[in-house]
Amino acid sequence: ILIIIGIFGPGPNPSAALLINGQIIAWAEEERFNRIKTAPNSLPVKSIKWCLDYADINLDSVDKIAYGWDCPNYITETKEFFKFQREKFQDKSLYNSLQEDLLLNLYHPDRIQYQLQLSLGKLSISHNIPEVVFYKHHDCHVASAFYSSGFDEANVLSLDGSGEEVSTLLCYANNDK
């Protein structure tokens, strides 16, 4: 049995999904529990707990946490992207610089792991969390659309307000990839 919790947050609409052997068992958005519209800048801790409770399992049963943002690359690649954009457009705005620093810190993989450990460790008998694996944001959108579609192959388009460096992804998917 393979048990995965897929999450996204902080950011708008943080949520969690519980998959057992590739089947979605439970899914919830954090705003349903904290009663704050879109639950900005929250980790989906209450959503994770609800998913586990719904399936009547504990955190120790979970094999991995799949995180829908490529944090390790984000803090290096996007930092360079921000720098390039500032130079290209001669942007000396302190506000933009502070916003970039906020985003780079908000999605720093060490911060994410630390926050998850603090908030979820108490759900585990060993007080440890499963390994956190980071995935590209748009790859996650594409995978969730394709694997729930019932198609054996498809062209898949992901349009979003933001990703790590892109906001649009067009790709070919099949059951092997």
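It should be emphasised that the depicted structure is a prediction, and the values quoted were computed from it without experimental measurement. We use all heavy atoms of the structure for the numbers below, so side chains are in, but hydrogens, waters and symmetry mates are not.
- At least one side-chain heavy atom of L104 sits under 4.5 Å from a side-chain heavy atom of F82.
- In this structure, the side chain to side chain contact (heavy atoms under 4.5 Å, CB included) partners of A143, at least two apart in sequence or on a different chain, are Y147.
- Contact of the I20 side chain with the L2 side chain is not registered, since no non-hydrogen atoms from C-beta on lie closer than 4.5 Å.
- Checked against side chain to side chain contact (heavy atoms under 4.5 Å, CB included), Y54 has the following partners two or more places apart in sequence or in another chain: I25, A26, W50.
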(Q) Walk me through whether N175 and E153 qualify under side chain to side chain contact (heavy atoms under 4.5 Å, CB included). (A) CA-CA 7 Å; N175 283 330; E153 63 179 337; over 6 Å; no
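- Sorted by first and then second residue, the side-chain hydrogen bond (donor to acceptor under 3.5 Å, both in side chains) pairs with a member in residues 76-90 read T78-E165, R86-E100; sequence neighbours excluded.
- Here S61 pairs with I3, I57, N58 under the side chain to side chain contact (heavy atoms under 4.5 Å, CB included) rule; sequence neighbours left out.
- In this structure, A16 and C51 approach most closely via the heavy-atom pair O-SG, 3.7 Å.
- In this structure, S158 and V142 approach most closely via the heavy-atom pair CB-CG2, 3.9 Å.
- Taking Ile, Leu, Val, Met, Phe, Trp and Tyr as hydrophobic and joining them when side-chain heavy atoms fall under 4.5 Å apart, one finds F89 isolated, its cluster having no other members.
- Linking ILVMFWY side-chain heavy atoms closer than 4.5 Å, directly or via other members, places Y135 and I75 in two distinct hydrophobic clusters.
- Taking the side chain as every heavy atom from C-beta outward, P12 and P40 never approach each other to under 4.5 Å.
- For the side-chain hydrogen bond (donor to acceptor under 3.5 Å, both in side chains) condition, no pair includes a residue of residues 104-113, sequence neighbours left out.
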Trace of the side chain to side chain contact (heavy atoms under 4.5 Å, CB included) decision for F8 with N13
CA-CA 8 Å; F8 177 73; N13 305 308; over 6 Å; no
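- With rounding to the nearest 0.5 angstrom, the CG atom of L123 is 12.5 Å from the CG atom of N128.
- Every pair passing side-chain hydrogen bond (donor to acceptor under 3.5 Å, both in side chains) that includes a residue from residues 63-72 is listed here, sequence neighbours excluded: K64-E131, D70-N73, D70-K136.
- Here the CG atom belonging to D60 is positioned 9.5 Å from the NE2 atom belonging to H127, to the nearest 0.5 angstrom.
- The side-chain hydrogen bond (donor to acceptor under 3.5 Å, both in side chains) test applied to S148 returns no partner, not counting sequence neighbours.
- Under the 4.5 Å side-chain heavy-atom criterion for ILVMFWY residues, a single connected hydrophobic cluster contains both L120 and F134.
- In this structure N96 satisfies the side-chain hydrogen bond (donor to acceptor under 3.5 Å, both in side chains) test together with D91, sequence neighbours excluded.
- Counting heavy atoms of neighbouring residues, nucleotides and ligands inside a 6.0 Å radius, atom CD1 of I1 does not exceed 12 of them.
- Under a cut-off of 6.0 angstrom, the local environment of CG in L118 is crowded, with over 12 non-hydrogen atoms contributed by other residues, nucleotides or ligands.
- S15 OG to I7 CD1: the interatomic distance, rounded to the nearest 0.5 Å, is 9.0 Å.
- The distance from the CG atom of L59 to the CG atom of L116 is 9.5 Å, given to the nearest 0.5 Å.
- A donor-acceptor contact shorter than 3.5 Å links the side chain of S149 to the backbone of F146.
- For the side chain to side chain contact (heavy atoms under 4.5 Å, CB included) test, residues two or more places apart in sequence or in another chain that qualify with T168 are L157, L159.
- The distance from atom OH of Y95 to atom OG of S93, rounded to the nearest 0.5 Å, is 8.5 Å.
- The heavy-atom pair separating G68 from C140 by the smallest distance is CA-SG, 3.7 Å.
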Please tabulate, for the side chains in residues 42-49, all donor-acceptor contacts under 3.5 angstrom to protein atoms that are two or more places apart in sequence or on a different chain.
| from | atom 1 | to | atom 2 | distance (Å) |
| --- | --- | --- | --- | --- |
| S42 | OG | A39 | O | 3.4 |
| S47 | OG | A28 | O | 3.4 |
| S47 | OG | E30 | N | 3.1 |
| S47 | OG | E30 | OE1 | 2.8 |
| K49 | NZ | D53 | OD2 | 3.0 |

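- Distance check, rounded to the nearest 0.5 Å: CD1 of I129 to OH of Y114 gives 12.0 Å.
- Side-chain atoms of H138 and D160 form no donor-acceptor pair, as typed in the model, at a separation below 3.5 Å.
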ring-ring contact (aromatic ring centres under 6.0 Å, His included) between Y74 and H137, intermediate numbers included: CA-CA 10 Å; Y74 183 74; H137 188 67; over 10 Å; no
Worksheet entry | Candidate pair L169 and D139, rule side chain to side chain contact (heavy atoms under 4.5 Å, CB included), full reasoning | CA-CA 8 Å; L169 176 66; D139 289 356; 3.5 Å; yes
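- Applying the side-chain hydrogen bond (donor to acceptor under 3.5 Å, both in side chains) criterion to N21, with sequence neighbours excluded, gives no partner residue.
- C171 places none of its side-chain heavy atoms less than 4.5 Å from the side chain of N155.
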